[in-house]
Amino acid sequence: MYVVFLGAPGAGKGTQAAEVAKELKLAHIATGDMFREAQKKGTELALQAKSYMERGILVPDEITIKMVLERISAPDCKNGVIFDGFPRNLAQAQALDKAMVGLSKAIDKVVYIKVSEEELLKRLGGRWICRQCQTPYHEVSSPPKIKGKCDKCGGELYQRSDDIPATIKERLKVFFAQTAPLIDYYSKTGKLLEVAGEGGVDEIRQRILSAIGKKGARRS
Ligand code: AP5
């Protein structure tokens, strides 16, 4: 199963994609995480992406598409993938469709996680992320058990440099101008599933699983 998670910055794509991918045994491809990982290693890709990410604008398509196309040919993607943060514009969506045809696969479903702008701002302003395993926390809605430490791996928590008010505003602007048209693009293919993204994390996971026709284990 190949599923795209679509949503504005802070909609909960990363939170949900990690859980759903684990539950359905799918690979999880998160382009933002891939760029941040490259920055930790100081690679050429990181240098190219850094200035765009700091400004809250999209990294050029030729860099992003190449990175994703290399990643989807890896063996762990054979049984399916959850794409988180990709595609983010029409050119990326068309490149992905073409690449999937080349692999004799297709995107099965597109989950659009819909969240109000007011809630997005609250979420991004209070987000903390684990440096080691990338698990996101929120200082109000999902704080870690020990302040500054990841519950899962004990890693240090940090705030992303693009989670500051001016950059958040730019990222939302980019979403509405460049990514939101994909809602229409996928809607025309009949693959779009809109899921209400406000409520508890577990409740939303259940909504996503049921929208894609899978059953999930209740956790609470
Ligand atoms: P990326 O890392 O993809 O960031 P984003 O799309 O802006 O999305 P976020 O990671 O901010 O939000 P999310 O939806 O994953 O929410 P999360 O689960 O963390 O991209 C960063 C940059 O990289 C881009 O600006 C661009 O420069 C570049 N880039 C990446 N992909 C690219 C591409 N394809 N093309 C070009 N450039 C690209 O949740 C947010 C917060 O809310 C957390 O604190 C979480 O704990 C909390 N939360 C989650 N669910 C709930 C809930 N149900 N209730 C309350 N709080 C919740």
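The shown structure was predicted, so the numbers you read here are calculated from the model rather than taken from an experiment. When reading the values below, keep in mind they use all heavy atoms of this one structure, side chains included, and skip hydrogens, waters and symmetry mates. As the structure lists them, so they are numbered: ligands from 1, and atoms in each ligand from 1.
Residue Q16 does not touch ligand 1, judged by heavy-atom distances below 4.0 Å. In F175, neither the side chain nor the backbone holds a heavy atom less than 4.0 Å from any atom of ligand 1. Under 4.0 angstrom from ligand 1, the non-hydrogen atoms of A8 all belong to its backbone. Within the 4.0 Å heavy-atom criterion, the part of I204 lying near ligand 1 is the side chain and not the backbone. Heavy atoms of T64 found under 4.0 angstrom from ligand 1 belong exclusively to the side chain. Within the 4.0 Å heavy-atom criterion, the part of R160 lying near ligand 1 is the side chain and not the backbone.
In summary, the atoms of ligand 1 found under 4.0 Å from a heavy atom of S141, numbered by their order in the structure, are 55 (C), 56 (N). Set against the non-hydrogen atoms of R36, the atoms of ligand 1 under 4.0 Å away are 2 (O), 21 (C). In summary, the atoms of ligand 1 found under 4.0 Å from a heavy atom of S142, numbered by their order in the structure, are 46 (O).
Test I72, V3, T31 against F83 for side chain to side chain contact (heavy atoms under 4.5 Å, CB included) and you get one pass: I72.
Polar contact with ligand 1: absent for L124 (N/O pair, distance under 3.5 Å). The shortest N/O to N/O separation between V59 and ligand 1 falls below 3.5 Å.
Heavy-atom separations between G10 and ligand 1 include at least one value shorter than 4.0 Å.
Both cation-pi conditions hold for R55 and Y52: the charged atom is under 6.0 angstrom from the six-membered ring centre and inside a 45 degree cone around its axis.
Between R171 and D163, at least one side-chain N (NZ, or NE/NH1/NH2) sits under 4.0 Å from a carboxylate O, which counts as a salt bridge.
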